2 protein chains.
Amino acid sequence: MEKQTVTIYDVAREAAVSMATVSRVVNGNPNVKPATRKKVLAVIERLDYRPNAVARGLASKRSTTVGVIIPDVTNIYFASLARGIDDIAMMYKYNIILTNSDDAGEQEVNVLNTLMAKQVDGVIFMGNHIDDKLRAEFKRAKAPVVLAGTVDPQGDTPSVNIDYAAAVEEAVTNLINRGHTKIALALGSLSQSINAEYRLTGYKRALNKAKLPYDDSLVYEAGYSYDAGTKLQPVIADSGATAVFVGDDEMAAGIINASVESGVKVPDDLEVITSNNTIITQITRPAITSITQPLYDIGAVAMRMLTKLMNDKELDEKTVTLPYGIVRRDSTKVED
Amino acid sequence: MEKQTVTIYDVAREAAVSMATVSRVVNGNPNVKPATRKKVLAVIERLDYRPNAVARGLASKRSTTVGVIIPDVTNIYFASLARGIDDIAMMYKYNIILTNSDDAGEQEVNVLNTLMAKQVDGVIFMGNHIDDKLRAEFKRAKAPVVLAGTVDPQGDTPSVNIDYAAAVEEAVTNLINRGHTKIALALGSLSQSINAEYRLTGYKRALNKAKLPYDDSLVYEAGYSYDAGTKLQPVIADSGATAVFVGDDEMAAGIINASVESGVKVPDDLEVITSNNTIITQITRPAITSITQPLYDIGAVAMRMLTKLMNDKELDEKTVTLPYGIVRRDSTKVED
DNA sequence: TATTTTCATGAAAGCGATTTCAAATGCTTT
DNA sequence: AAAGCATTTGAAATCGCTTTCATGAAAATA
C-alpha cells in the first residue's frame, strides 16, 4: 500500500510544460510568464504535489538543514539556546537536526560526522569543552560551524557568548564590596574551559583588584546537580566562607536548601549568587541572586551568523559577546 | 574554495571495481569477496570517503531521519521525552529533525508537511491537543506517526502514555482518604484533552467513588506557569479547598510559595500533589508530592514503536500505557 | 521593416548513491 | 574434462529535482 507520490514530472506532464518550468514556479523564479505560473500552480494544487526535499538537496547541493549538537536537551540552559536557534532557523526556512552529545568528545566527533554525511549546510555546536580533535573536525568540515554559549579560548571558530569572566568578576566584586573576604567558588569540572579559563579568571581578577588573597581551597569542583549542591554545602560551611558564587542553578538550589536546613542563614551567614537565572532561582526560598544571560538570543544570534556563513557572506565580527546582567534576589544582602 | 568532495565513483575508480561493489562494502552486503572488501576499504580510508546521505536517501527512498514535533524544547517535560527519543533513534542509526510547534495547530500542520517534504521515514508527535485537521494530516502522511506523551481519545494513531486518569484518580483518592472533602483541581486549558478528558475524568471518578459531590467551582483553568500558580493560590485559599491536585510542577511551586508566604501552611492547611516530578518538586519547601512518570521511557518506547512501523512490522499493541507512580514528599501529610 | 534585446521555455546533463539483472568467475561433482 | 551451481562482479537504469545552455517568441530599437 505504498502511497503514490507525485513528482515534478507528473506536474510537468499535466500542465503541458517542462520540468524546468515547474521547478521555476516552485522556487519562485521570476522568469515565468504569469499565465504559465498560474496554470502550473493549478496543477500543483490539483495533484497535491509536494517537492521532494531530498532530491532537491541532491541536485542543488543544499539541504536547507542545519545540524545542532547539544550536550543534553533536558538541560534547560542549552534547551533555551536551542529554542532560539530553531526559531531563527525556521524563519530562514532551515530545519534542525538535533543530536545529544553528552559532552563526550568521541560522541561529539561522531555526531559531527553523521551530520556532515547528511549534508547539513551548517552546524551549531554547544558544549562545555573544545579540544584539538574537535577543532580539527570543525576545520575539516565542509560546512560552517558556529559555537553557541560555548567558548573556545583558542577560537577561530565563530561564536556567541556573554563575557563570563566579566560577569563573575562583577558578581564577586559585589560580594567583596559587601565586606566578604572569604568567598567560595563552586563550579563543575575545571577541565571545562568555561570554568577554568573564564569563571575562575573572573573570580581571581575580582580578588586581585581588591587585594584579597586567592585561596585554592575555596574553589570547589563538584558536579552540576542539586545533589552535588547539598553535598557541597557542609564543606563550604566548614571552610568559613561567607559567600559563594555558583556555576549552576540546580547546584545553587542544593546549597541553599542544605544551608537553610542545617541552620546556616542565607543571606546572613552565606550569600549565594548563581549563574543561569533559570526558573529555579525564583522557586527556592530565599530566591537566588543570579547572573542573567540572554539565552534565547545567544542561540538566535548564532543561527543568524550561521545563515550568513552559509550564504558566503562576511561576518561583521567573528566573536559576538552579548550583554549579561545581574538580578538581585534574596540570597544576597541589599547593596549599601 | 569549495572543498573537494569524494564520491563513490572516485572510490570505485581508485579501487578498480564498480560503484556497485563499493556500495556493497559500504552497506555491509555480504556478497563481496573478502579480498575485494579489504581493497575497497583501504581506498575508502585513503580518500577519506564519506557516503552522501542525501544521495543515498534519494536512491533508496529512506532518509534514516525521523521528524520530532515538540511544543517547546524548553519545556522539561517534553524535553525529557525528546531525550528518550533521540537516544533510541541514535541506537537505530536514525537522526532527528526537531521542530517546535508551540502547540499551535496551524504550525503543527506546517511543520508536519515540511517534515514529509524532507522525506522523514517517520514522525513522533508530542502535543497537548489533537484535532481533526491534524488527524487528517497524519492519515495523509506517507510515513508512520507515533504519539509520545500525547493522548488522542479518538486515537487510531499509535501512542505511548501513562494512564493519566488513573493517576489523578489515585492521587485524589489519597487525598480523600485523608479526610479532605473540598479538593481543588488546578489545570491548564480544558481545551486540551489530557485535561478535559483524562485528568478531569480521574478527578471525578475519585469523587464519585467516595460519593463526594463534584463542584465545578473547584476546577481551575489557569496557565501552566509559576506565576499562574502564585496568582491562583489566593483563589484556591478563598474557595475553602484543603487540598489541590495540580497539573504542572511550576504551577504547583507557585501555589506552594504563595501559600507559605501568605501564611497558609502546606500541608497542614493545604495539601498539594503535582503531576510531573521534575527537579522543581525537590527544590520547593516543602518539597512536592508528585505523580511520577517514566518520561524518558515514554519517548524511548515511542521511538521503538516507530522503528517497527518504519520497517513494516506489526505493533504488538497500538496504545502502550506505561506505569506511573506517586512519590510522597512534604506537601502532603503522612498516610495513616 | 529590419535588427537587437529581452523574456520565456524546454532539452538534457548532472547530483551521488542504490539496485536489478546478467555476465563472469570459481568450485564441486561427475 | 565437462557440466552445474554458487559466488562475485559490473553495467546501466533510476531516484526527483536543479541548472545550464540553446532556442524561439516577443518587445524594443533603429
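This one's a predicted model, so the numbers in the text were calculated from it and none came from an experiment. Lettering follows sequence order; numbering is per chain, from 1. Just the heavy atoms: all of them, side chains too, but no hydrogens, waters or symmetry mates, feed the values below.
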For the side chain of A:Leu58, starting at C-beta, report the closest nucleotide among D:dG16, D:dA11, C:dT9.
D:dG16

Counting just side-chain N and O atoms, does B:Asn27 come under 4.0 Å of either OP1 or OP2 of C:dT18?
yes

Would you indicate, yes or no, if D:dC17 has its OP1 or OP2 atom less than 4.0 angstrom from a side-chain nitrogen or oxygen of A:Tyr49?
yes

Between B:Thr21 and D:dT9, does any side-chain N or O lie under 4.0 Å from OP1 or OP2?
no

Spacing of A:Arg37 atom CZ relative to C:dA8 atom P, expressed in whole Å
9 Å

Give the nucleotide from the list C:dA17, C:dA11, C:dG14 with an atom nearest to the side chain of B:Asn52.
C:dA17

Nearest whole angstrom, please: distance from the P of D:dG16 to the CG of A:Leu47.
15 Å

For B:Arg304, is there an ion pair with B:Asp297 - N to carboxylate O distance below 4.0 angstrom?
no

Under 4.0 Å between a side-chain N/O of B:Ser60 and OP1 or OP2 of C:dT18, yes or no?
no

Is the distance from OP1 or OP2 of C:dT19 to the nearest side-chain N or O of B:Ser23 less than 4.0 Å?
no

Pairwise 5' ranking along DNA chain C for B:Ile8 and A:Met19, keeping only the more 5' one:
A:Met19

May I ask you to evaluate whether A:Lys33 reaches the phosphate of D:dA25, defined as a side-chain N or O under 4.0 Å from OP1 or OP2?
no

May I ask you to decide whether A:Glu14 forms a salt bridge with A:Arg46, counting only side-chain N to carboxylate O separations under 4.0 Å?
yes

Lys/Arg N to Asp/Glu carboxylate O, A:Arg13 vs A:Asp10, below 4.0 Å
yes

Regarding A:Thr65 and B:Lys118, is there a side-chain donor-to-acceptor distance under 3.5 Å anywhere?
yes

Distance in angstrom units between A:Asn29 CG and D:dC17 P, rounded
17 Å

Rounded to the nearest angstrom, tell me the gap between atom CZ in B:Arg62 and atom P in D:dG16.
16 Å

Of B:Arg24 and B:Ala59, whose closest DNA chain D nucleotide lies nearer the 5' terminus?
B:Arg24

Are a donor atom and an acceptor atom from the side chains of B:Thr114 and A:Lys93 found within less than 3.5 Å of each other?
no

Using whole Å, what does the distance between atom P of nucleotide C:dG10 and atom CZ of A:Arg13 come to?
15 Å

With sugar-phosphate meaning primed atoms plus P, OP1 and OP2, does B:Ala35 contact a base, only sugar-phosphate, or nothing at under 4.0 Å between heavy atoms?
nothing

Taking atom P of D:dG16 as reference, at what distance in whole Å does atom NZ of B:Lys118 sit?
18 Å

C:dG16 P sits how many Å from A:Gln119 CD, rounded?
8 Å

With a non-hydrogen cut-off below 4.0 angstrom, is A:Val26 in contact with a base, only sugar-phosphate, or nothing?
nothing

Establish, with yes or no, whether the OP1 or OP2 oxygen of D:dT9 is under 4.0 angstrom from a side-chain nitrogen or oxygen of B:Thr36.
yes

Nearest whole angstrom, please: distance from the C1' of C:dG16 to the NZ of A:Lys142.
12 Å

Does this structure show an ion pair linking A:Arg83 with A:Asp87, if we count only N-O contacts that are shorter than 4.0 Å?
yes

Assign B:Asn31 to base, sugar-phosphate, or nothing according to its heavy-atom contacts below 4.0 angstrom with the strands shown.
base

